[in-house]
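Have a look at the structure that comes next, please.
Residue numbers count from 1 along this sequence.
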Amino acid sequence: MTNTKLRGTLWAALTVAVWSAWPAFTRLAVTESVTPPDIVLLRFGIGGLILLPVLLRMVGSMPRHAWREGLWFALLQGAPLAMLTTQGLALAPAGHLALSTGLMPLFTSLLCFYFLGEAISRLRKYGLALITLGALAIGGVSVASIHLDYWKGDILFVCAGMLGSTYLLRMRRSGLSALQGAALLSVYSMLIYFPFFLLFFWESSKLTQIPTADLLFQGFYQGVLMGALTMFSLGRSTMLLGAPAAAMSLALLPVASFLLAFFILGEVPSVFEILGAIAISLGAFLAAVSALERKKP
């Protein structure tokens with residue numbers, strides 16, 4: 001393995017490690033200590049402050065259309081998406097977030113097919129079919145547990161996946177670098193969400209009531225790791241490995257999320273949930289391999 005590929009793999013591994021533990025730590029927080037809007041504030045309040053100097057350094061080299069695109073990024077991948085996933089984790093098991101991250105290759109492929117005219121290869125079709133079957137298996141568990149709120153959380157996860165897929169398409173067509181997009185997304189989200197939080201969510205906030213150690217941990221995980229570090233690590237892995245190869249590593253997220261939810265929260269998935277997560281991960285992997293093959297000369 002060349003030095004470039006090794007560094008790209010390490011950045012990708014860091015991204016997967018942080019993202020796969022996020023559902024479990026966030027569900028733990030929103031069910032025991034803070035509210036979903038609190039989590040969103042920590043993520044973009046701290047992440048936005050960290051990436052603000054980065055954005056300011058890029059002002060001179062930023063194309064004019066980037067400032068308009070930043071608003072779209074914040075709408076599609078910023079606070080609204082974070083609110084959907086965080087609120088979903090207050091209702092459904094952490095592993096069910098696979099319905100958001102796992103369905104993104106499916107939604108992205110369909111958007112590219114209908115709006116960009118991109119053909120879907122046979123291998124990708126197999127991958128998308130597996131993703132669909134996996135999502136139906138996980139969703140079926142929620143429907144079977146109709147007395148619980150799992151299905152409500154699942155719906156929020158699916159909506160978040162649709163938003164994230166639209167962001168990926170918008171980001172792809174923007175011509176901006178991963179770092180430019182991350183900085184715009186985080187800073188715009190901070191500026192827009194903070195006054196919104198003060199106006200609508202401050203009275204119900206629990207940030208001033210939780211132990212200091214818990215607040216510091218959530219601030220570090222949500223703001224530093226999720227809000228800033230993974231934005232950079234994902235961009236670096238994409239630059240060093242290429243987008244399809246980086247996406248192959250992210251295919252591990254559904255299975256890894258279920259595993260960490262078991263160890264952190266003690267959530268024991270059913271057989272259908274396990275098979276669904278494996279199917280989604282395998283389908284996402286095949287979709288990424290298909291994109292990698294398409295880029296070869």
Greater than 12 external heavy atoms within 6.0 Å of Phe262's CZ: no
Val187: which of Val54, Leu56, Ile50, Leu55 passes side chain to side chain contact (heavy atoms under 4.5 Å, CB included): Leu55
Spatial distance of atom CG (Leu215) from atom NZ (Lys206) [nearest 0.5 Å]: 14.0 Å
Euclidean distance, Leu252 CG relative to Thr101 OG1, rounded to 0.5 Å: 11.0 Å
Atom pair CE/CG of Met104 and Leu111 - distance to nearest 0.5 Å: 10.5 Å
Ring center gap for Tyr221 and Phe25 short of 6.0 angstrom: yes
Phe197 atom CZ: more than 12 heavy-atom contacts under 6.0 Å: yes
Worked verdict on Phe196 versus Phe201 for side chain to side chain contact (heavy atoms under 4.5 Å, CB included): CA-CA 8 Å; Phe196 191 84; Phe201 300 123; 3.6 Å; yes
Neighbour count >12 (heavy atoms, 6.0 Å) for atom CD, Glu203: no
Residues Trp72 and Gln77: side-chain donor-acceptor under 3.5 angstrom: no
Pro63 side chain reached by Leu176 side chain, heavy atoms, under 4.5 Å: yes
Rounded distance [0.5 Å steps], CG in Leu133 versus CG in Leu128: 11.0 Å
More than 12 heavy atoms from other groups under 6.0 Å of CE on Met162: no
Nearest-0.5 Å distance, CH2 of residue Trp19 to CG of residue Leu14: 11.0 Å
Cluster overlap Val141 with Leu91, hydrophobic side-chain contacts below 4.5 Å: no
Whether Thr230 side chain and Leu225 backbone form a donor-acceptor pair below 3.5 Å: yes
Worked verdict on Leu41 versus Gln222 for side chain to side chain contact (heavy atoms under 4.5 Å, CB included): CA-CA 9 Å; Leu41 179 69; Gln222 304 291 342; over 6 Å; no
Step-by-step side chain to side chain contact (heavy atoms under 4.5 Å, CB included) determination, Leu229 to Phe220: CA-CA 10 Å; Leu229 179 60; Phe220 176 75; over 6 Å; no
CH2 (Trp67) with more than 12 external heavy atoms under 6.0 Å: yes
Pair Thr26-Trp22, side-chain donor/acceptor within less than 3.5 Å: yes
Residue pairs passing the salt bridge (charged side-chain N to carboxylate O under 4.0 Å, His left out) test where at least one lies in residues 51-80, sequence neighbours excluded: Glu69-Arg170
Same apolar cluster (I L V M F W Y, side chains within < 4.5 Å links), Met226/Leu207: yes
Whether Ser205 side chain and Trp202 backbone form a donor-acceptor pair below 3.5 Å: no
Any donor-acceptor N or O pair under 3.5 Å, side chains Ser33, Asp214: no
Cys159/Leu156 under side chain to side chain contact (heavy atoms under 4.5 Å, CB included): CA gap, chis, key distance, verdict: CA-CA 5 Å; Cys159 292; Leu156 296 179; 5.7 Å; no
All pairs passing ring pair (Phe, Tyr, Trp, His ring centres under 6.0 Å) where residues 153-192 contributes a residue, at least two apart: Phe73-Tyr167
Linked, directly or transitively: Leu260 and Ile274 (ILVMFWY side chains, under 4.5 Å): no
Point-to-point distance, once rounded to the nearest 0.5 Å, from OG1 of Thr86 to CG of Asp38: 10.5 Å
Connected via hydrophobic side-chain network under 4.5 Å: Ile131 and Ile278: no
Joint cluster assignment, Met83 & Leu71, ILVMFWY side-chain distance < 4.5 Å: yes
Side chain to side chain contact (heavy atoms under 4.5 Å, CB included), paired with Ser142, selected from Glu273, Lys152, His96: His96
